[in-house]
Asker: 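What follows is a single structure, and I will ask about it in a moment.
The figures that follow rest on heavy atoms only: side chains count, while hydrogens, waters and symmetry mates do not. Letters go in sequence order (proteins before strands), and every chain restarts at 1.
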Amino acid sequence: MKNLSKTYNPKEVEDKIYKLWEKSGFFNPDKLPKSYNLKAKSYCIVIPPPNITGELHMGHALNAACQDVLVRKKRMEGFKTLWLPGLDHAGIATQNAVEKELKKEGKTRFDLGRKKFIKRVWQWKKKYRNTILGQFKKLGCSLDWSRTRFTMDKDYSIAVNQVFSHYYKKGWIYQGERTINWCTRCSTSLSDLEVIYKEEPAELYYIKYGPITIATVRPETKLGDTAVAVNPKDIRYKKYISKTIKIQTVLGKAEMKVIGDKSVDMSFGTGAMKVTPAHDMHDFELSEKHGLEKKQVIGDDGKMTSISGKYAGMTVMDARKEIVKDMRKIGILEKTEPYTHSIACCYRCDTILEPILSKQWFLKMKELAKLAKKPVKTGEMKFYPKSFEKGYFAWLDNVRDWCISRQLWWGHRIPLKGETDVLDTWFSAALWPFATLGWPKKTKDLKEFYPTDVLSTARDIMNLWVARMIFSGMEFMKKIPFRKVYIHPIVLTKEGKRMSKSLGTGMDPIQLIEKYGADATRFGILYQVMRGQDIRFMEDNMVMGKKFCNKIWNASRFVLLQAENTKHKTQSAKLKLNAQNLTPADKKILKSLGKIIKSIDQDIESFRFGQAAHKIYDFFWHDFCDIYLEKSKKQLSDNVHYSVKIQTQQILLYVLLNSLKILHPFVPFITEEIYQRIPVKKKKKSLMIETWPQPAKAG
RNA sequence: GGGCACUUGGCGCAGUGGUUAGCGCGCUACGUUCACAUCGUAGAGGUCGCUGGUUCAAAUCCAGCAGUGCCCACCA
């Protein structure tokens, strides 16, 4: 075959084909052929915006491949299809990344000052914007670049401010002094969802408080104690409740109130606990309930405050050591026990968090949680897999008010006079499905594409992001943001470990594309997207994908060669054949084709990407290539009747064309390249807008 | 402490009641004029975690047990 090489070379094809697609304009739903608009049915997915902190990883690649399968199929089915791209400013994560870069230059953000620092982040954003969007293009994603959004765009910021003032006027946003999670490294508050708990061995210290002994893992916070709490039913301590006990502390003699509260677990430690309202969430609640004083002994910088006596200025760890030493000295440390404790860490920098008393802005969650639950309860919105609903409801049922202020520089400034804090990055991300479509303006896009159809995302941001998008959509649009939520598997290493750049267990999808080609990479990933929660990533599957592409290529070469011999053209969709002349092989392949089309359709609609990939592979390789192609060689030989020969050629082309169509969402580049060369009547500009095959009956 | 998921040939996974349990990668033997050696043909390899139950029939449904992983939670 003179114009097709013996092996498929993705490098010669991919950039060229992507340019052809971009030039066609078909990524943009407004530029699709007229037939699309007439059908008046739209299909929309907004991409989960990657953080601008770096490059895309395997999770992004997997998610992008899944979404591209969905939108390419819908586009071919005649839907006016929009897949909207975008990026998240990712407040804390990006600020950390830029600070890290500054550190290499020996500087901190304070050396630059707020204005210059933010300017620097925008430079960073520009760089990674191009990298990330370029990587989506390499993967073959059919995203409408003309609608690319960023969570800090001017229009988007207007939406954020409007949302803030809406809640504010409703009285749902309030400022309060509360004990919150504080990251001493990032110097900011964090919401409950931004805390990662890690189990670590610790020491449980039994300390004498006058007549009562309490147990704690954090003796340094005892300087901030303002009460001792016991269970009112506890006969050991009943007599002390509401009384004041005299105690000896490392700072001298003191008095301590004893309170009774049923939240105290009698079976833990000694059954008595110290109450440190400023440095423990539970203790804070007790202090509100019982009207206790709040003494802040740990500062924003993670060091003991001036009211900590001789320990002032020490780090928490140093103070702990000193206090334990001193307690031993004065004989109030009864004993210690080894204890496994889960410590709270920052989800962005891993630093141990200090609960501290701080003035922050909160969003009331009571009504919003109700809004978030409703559409999932009624079935208007569905989760795939359904099992995620349980965790979703559990979180909403127990959710506390959302701490939305962050003491960062990079982000949306809180739109109130005199406020220097910014909003939690998820506050703006929560508006993604409608703010990207133009809200608060009443745009054509909103009318046409909202509610969107599918949200495809990872399970770790279900509550952090998905739940918040749902109540935001319900509150501001009065409609669900998306009809279906697809929770894709997490990509792990072959050994079942988390993929992480810093651990050296990461896998770069762009390198895989370099090595195997984009189609092979996509197919290799999708081939592994089965029902489980995780994928143990096997690079072997990229090899499989590459071989499969080569098979598609060569089978096409064979079919094209036959077609060229007789200059035969097939109809794009319909095939008129004389059923009586069909050989058993003809009948069988046509029947299999009909079956596979139906099956692939169902699999994609129910997000069974791996099953679809397996089936399409088996059909093409085994049914079509191994069996029918071999049979066709006999049916095409010189000693058979001319009519059989023609018919065989027709069937070859017909099956190939339909195979290309159903393969296209999975391996878009190679199928487009072949489509461009295939002799088909009424050929479209691109396979992207060819008609998705109907599961027709066999021959 | 609660919840969820998983356990099938060397490795990674399909298969959710019915003939000899499949796929990819790997492995063995043979085969290169005629689409493809990134290939073809043939083949080796599994008591489907364990125990009990339901059924004419179970990898597949139920119960218990064991192992692995994940998520949630204010045990100080």
Asker: Both distances under 3.5 Å, Watson-Crick or G-U wobble: report the partner of rG49(B), or none.
Answerer: rC65(B)
Asker: Paired with rC70(B) by Watson-Crick or G-U wobble geometry, both distances under 3.5 Å: which nucleotide is it?
Answerer: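 With both distances under 3.5 Å, rC70(B) matches rG3(B).
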Asker: Say you pick atom P in rG9(B) and the same atom in rC23(B); how far apart are they, in whole Å?
Answerer: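 15 Å, rounded to whole Å.
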Asker: Would you mind reading off the distance between Met544(A) atom CE and rA14(B) atom P, rounded to a whole angstrom?
Answerer: 14 Å
Asker: Would you kindly give the CZ-to-C1' distance between Phe548(A) and rC39(B), to the nearest whole Å?
Answerer: 15 Å
Asker: Assign Leu492(A) to base, sugar-phosphate, or nothing according to its heavy-atom contacts below 4.0 angstrom with the strands shown.
Answerer: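 Since no nucleic acid heavy atom lies under 4.0 Å of Leu492(A), the category is nothing.
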Asker: Given the C1' atoms of rC6(B) and rU60(B), what is the spacing between them in whole Å?
Answerer: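 Per the computed distance, 16 Å lies between those C1' atoms.
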Asker: Can you tell me the Watson-Crick or wobble partner of rA37(B), both distances under 3.5 angstrom?
Answerer: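 Looking at the geometry, rA37(B) pairs with no nucleotide.
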Asker: Is the phosphate of rA35(B), meaning OP1 or OP2, less than 4.0 Å from a side-chain N or O of Lys633(A)?
Answerer: yes
Asker: Looking only at atom P, what distance separates rG15(B) and rA5(B), rounded to whole Å?
Answerer: 15 Å
Asker: Please give the distance between the C1' atoms of rG2(B) and rG45(B) as a whole number of Å.
Answerer: 43 Å
Asker: Nearest-nucleotide wise, let me know which of Ala215(A) and Lys390(A) is further upstream toward the 5' end of RNA chain B.
Answerer: Lys390(A)
Asker: Look at all strands and tell whether Cys625(A) reaches a base, only sugar-phosphate, or nothing, counting heavy atoms closer than 4.0 Å.
Answerer: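 Base contact.
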Asker: Side chains of Asn63(A) and Ser456(A): do they bring a donor and an acceptor to under 3.5 Å?
Answerer: yes
Asker: Does a side-chain N-to-carboxylate-O contact under 4.0 Å join Glu514(A) and Lys11(A)?
Answerer: yes
Asker: What is the nucleic acid contact for Arg218(A), judged by heavy atoms within less than 4.0 Å: base, sugar-phosphate only, or nothing?
Answerer: nothing
Asker: On RNA chain B, does the nearest nucleotide to Phe268(A) precede the nearest nucleotide to Val543(A) from the 5' side, or the other way round? Give the residue.
Answerer: Val543(A)
Asker: For Phe619(A) and rG22(B), what is the distance between atoms CZ and P respectively, to the nearest whole Å?
Answerer: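 In whole Å, rG22(B) P lies 21 Å from Phe619(A) CZ.
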Asker: Does rU20(B) have a Watson-Crick or wobble mate here (both distances under 3.5 Å), and if so which one?
Answerer: none
Asker: Roughly how many Å apart are rC48(B) and rA14(B), using the C1' atom of each and rounding to a whole number?
Answerer: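 So the two C1' atoms sit 12 Å from each other.
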Asker: On a whole-Å scale, what distance lies between the P atoms belonging to rC39(B) and rC34(B)?
Answerer: 15 Å
Asker: How many whole angstroms separate atom CG of Leu526(A) from atom P of rC23(B)?
Answerer: 21 Å
Asker: CG of Asn550(A) versus C1' of rG24(B): gap in Å, rounded?
Answerer: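 Distance check: Asn550(A) CG to rG24(B) C1' gives 17 Å.
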Asker: Determine which nucleotide pairs with rU32(B), using a 3.5 Å limit on both distances of a Watson-Crick or G-U wobble pair.
Answerer: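 No nucleotide pairs with rU32(B).
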Asker: State whether a side-chain donor-acceptor pair under 3.5 Å links Asn554(A) with Tyr8(A).
Answerer: no
Asker: Would the base of rC36(B) count as contacting Lys551(A) through its side chain, where contact means a donor and an acceptor less than 3.5 Å apart?
Answerer: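 Under the 3.5 Å cut-off, the side chain and the base do form a donor-acceptor pair.
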Asker: Which base sits across from rG9(B) as a Watson-Crick or G-U pair, both distances under 3.5 Å?
Answerer: none
Asker: Below 4.0 angstrom, which residues in residues 278-297 of chain A have at least one non-hydrogen atom near RNA chain B?
Answerer: His282(A)
Asker: Are Glu293(A) and Lys257(A) close enough for a salt bridge, meaning some N to O gap below 4.0 Å?
Answerer: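 Salt bridge flag = no for Lys257(A) with Glu293(A).
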Asker: Mind checking if Tyr527(A) touches a base, just sugar-phosphate, or nothing, with heavy atoms under 4.0 Å?
Answerer: sugar-phosphate
Asker: Which whole number of Å gives the distance between the P atom of rA44(B) and that of rG10(B)?
Answerer: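 Taking atom P in both rA44(B) and rG10(B), they lie 15 Å apart.
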Asker: To the nearest Å, how far apart are Tyr392(A) OH and rC70(B) P?
Answerer: 25 Å
Asker: Is a side-chain N or O of Arg536(A) found less than 3.5 angstrom from the main chain of Leu492(A), in a donor-acceptor match?
Answerer: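 Answer holds: no.
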Asker: Using a cut-off of 4.0 Å on non-hydrogen atoms, how would the nucleic acid contact of Thr7(A) be classed: base, sugar-phosphate, or nothing?
Answerer: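 Base, at least one base atom sits under 4.0 Å.
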Asker: Taking the P atom of each, how far is rC11(B) from rC27(B), in whole Å?
Answerer: 15 Å
Asker: Report, one line per pair, each donor and acceptor closer than 3.5 Å where one atom sits in a side chain of residues 285-292 of chain A; sequence neighbours left out.
Answerer:
unit_1: Glu285(A); atom_1: OE2; unit_2: Arg400(A); atom_2: NH1; d: 3.2
unit_1: Ser287(A); atom_1: OG; unit_2: Phe284(A); atom_2: O; d: 2.6
unit_1: Glu288(A); atom_1: OE2; unit_2: Lys294(A); atom_2: NZ; d: 3.0
unit_1: Lys289(A); atom_1: NZ; unit_2: Asp261(A); atom_2: OD2; d: 2.9
unit_1: His290(A); atom_1: NE2; unit_2: Asp261(A); atom_2: OD2; d: 2.8

Asker: How would you label the contact of Asp626(A) with the nucleic acid (heavy atoms, under 4.0 Å): base, sugar-phosphate, or nothing?
Answerer: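 Touches sugar-phosphate only.
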Asker: Calculate the interatomic distance between Leu560(A) atom CG and rC36(B) atom C1'; express it in whole Å.
Answerer: 14 Å
Asker: Return yes if the base of rA14(B) and the side-chain atoms of Gln528(A) contain a donor-acceptor N/O pair under 3.5 Å, otherwise no.
Answerer: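 Not at all, since no donor on one side and acceptor on the other fall under 3.5 Å apart.
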Asker: Applying a 3.5 Å limit to both distances, which nucleotide forms a Watson-Crick or G-U wobble pair with rG43(B)?
Answerer: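 Base-paired to rC27(B).
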Asker: How long is the line joining CZ of Arg557(A) and C1' of rC39(B), in whole Å?
Answerer: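 Distance check: Arg557(A) CZ to rC39(B) C1' gives 12 Å.
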